[in-house]
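Notes for the one structure printed next.
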There are 2 protein chains.
Amino acid sequence: MSSPNPDTRKRILQATADLLTEGGGTGVRMSDIAKRAGISRQAVYLHFANRADLLIATTFYVDELKDSDARLAPSRAAKTGSERLDAFIEAWAGYLPEIYPIGRALIDMSPTDEEARSAWAQRMQDMREGCEAAINALKRDGDLAPGMTAPQATDLLWTLLLLPNWEHLTQVCGWSQKQYLKHITATARRLFVMGA
Amino acid sequence: MSSPNPDTRKRILQATADLLTEGGGTGVRMSDIAKRAGISRQAVYLHFANRADLLIATTFYVDELKDSDARLAPSRAAKTGSERLDAFIEAWAGYLPEIYPIGRALIDMSPTDEEARSAWAQRMQDMREGCEAAINALKRDGDLAPGMTAPQATDLLWTLLLLPNWEHLTQVCGWSQKQYLKHITATARRLFVMGA
DNA sequence: GTGTCAATTGACATCGTGTCAAGCAAAAGG
DNA sequence: CCTTTTGCTTGACACGATGTCAATTGACAC
């Protein structure tokens, strides 16, 4: 539970993030993680209570590494509403491939693990609030497309960005990350930005 | 692999579908299925080679039970384009809660199981083609919103309907099935139907 | 040197999947 | 009526993954 060697702990977290990203969130064993981190399987349990605990810690680790400004506070990014929206979408589109496999593995765990589920739900909530801020900024600048309320637009943008969306378009349907970004950006512009 | 008693086979399939629906697609063991079907755990393997085989068969079983006309051939349903679109969305929204948990369990299996993955991808493809047919019918009737091409609209509708979308909105975010249907229907109408 | 800390090793319990051999009850066939 | 076949049961087992535990090593500090 506690952290004997902070450096080893970081190596475990990095190994976990790497392996999950490579494997799409499935089929990663504790022994794989230990091997990649250069330690024994049992030593992982000196740093993390169990698999769920490790995965949750990994989400925070990945968060730390990422510039989260454009993602969480889109109202401060760029100038025009359209640019802000683009920056917001791009920030999430770059974050998704790193965070989603971890969330995927987290949800794959026992469905009764409330801690694991809510840790993931928190990130969904973050995204929801980011969407809200981005749309509100658009509206404040008078750039929101007519005939659409802010709550409607927020829900819709959120649905478009939804992380499992990304997984299925890329993993199951074979879309590239670029295709996904282009699709979402173009759709959002057309839907939400006045006169686009 | 072969089918000793067709009736027992059906009971297994029904039990699998029921349990997966109840559990959201996770945490369902072979022994649970056998118990629900009223047979021994080992007897399941007299009818299905393994877990993946059973799950794939269950998707076909669920398909058989469902009226698939509105879902797969939306161009024949209802009169006006808007009504057709509504019927199409409602058909999928009713199918999702039954089919998705099975697909979820399927994808949760070994990621190397190509057969399992492609069985699921097929259903994604079905949905994609259904979207295409629905949008094309809308365009043929001159009801497609101006400034939007049919391929764009198809992609967008597909993204909105995407099955994992449904799972996350309902399971993780706590939306009711009704909320989901309402959200998607309203969004699609506003986006695709001329003058809505 | 004596602790102490971090990680190692080997062993083990538990649980789920999948396999196998032996047995059993009922229906079908002569 | 007896035999065979069918469909399932029971009990046992191998395997792989998670998680736990006790004993041990190696390094660094006091």
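As the structure is a computational prediction, the values presented were derived from the model and not from experiment.
- D:dA14: Watson-Crick or G-U partner is C:dT17, with both key distances under 3.5 Å.
- With sequence neighbours excluded, no residue satisfies side-chain hydrogen bond (donor to acceptor under 3.5 Å, both in side chains) with B:Asn50.
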Footprint string (nucleotides 16-24 of chain C, 5' to 3'): B base within contact, S backbone only, - free, heavy atoms under 4.0 Å = SBBBB----
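- For A:Leu54 and D:dG19, the CG to C1' distance is 13 Å, given to the nearest whole Å.
- Screening residues 136-148 of chain B for side-chain hydrogen bond (donor to acceptor under 3.5 Å, both in side chains), with sequence neighbours left out, gives B:Arg84-B:Asp141.
- Between A:Gln125 and A:Gln122, the closest side-chain pair of non-hydrogen atoms falls below 4.5 Å.
- Partners of A:Glu83 under the side-chain hydrogen bond (donor to acceptor under 3.5 Å, both in side chains) rule, at least two apart in sequence or in another chain, do not exist in this structure.
- Between B:Asp7 atom CG and D:dC8 atom C1' the separation is 13 Å, expressed in whole Å.
- Remark: B:His47 is in phosphate contact with D:dC8, judged by side-chain N or O atoms under 4.0 Å from OP1 or OP2.
- For B:Arg76, the salt bridge (Lys or Arg N to Asp or Glu O under 4.0 Å) partners are B:Asp69, not counting sequence neighbours.
- Partners of A:Thr159 under the side-chain hydrogen bond (donor to acceptor under 3.5 Å, both in side chains) rule, at least two apart in sequence or in another chain, are B:His183.
- Distance A:Phe48 CZ to D:dT20 C1': 18 Å, rounded to the nearest Å.
- Rounding to whole angstrom units, CG of residue A:Leu46 and C1' of D:dA22 are separated by 13 Å.
- One atom, CD1 of A:Ile39, and another, P of D:dG26, lie 19 Å apart when rounded to the nearest Å.
- For the pair B:Lys35 NZ and D:dT9 C1', the computed distance is 17 Å after rounding to whole Å.
- Taking the side chain of A:Pro4 as heavy atoms from C-beta on, and the options C:dA7, D:dG7, C:dT8, the nearest nucleotide is C:dA7.
- As a whole-Å value, the separation of B:Asn5 CG from C:dA27 C1' is 12 Å.
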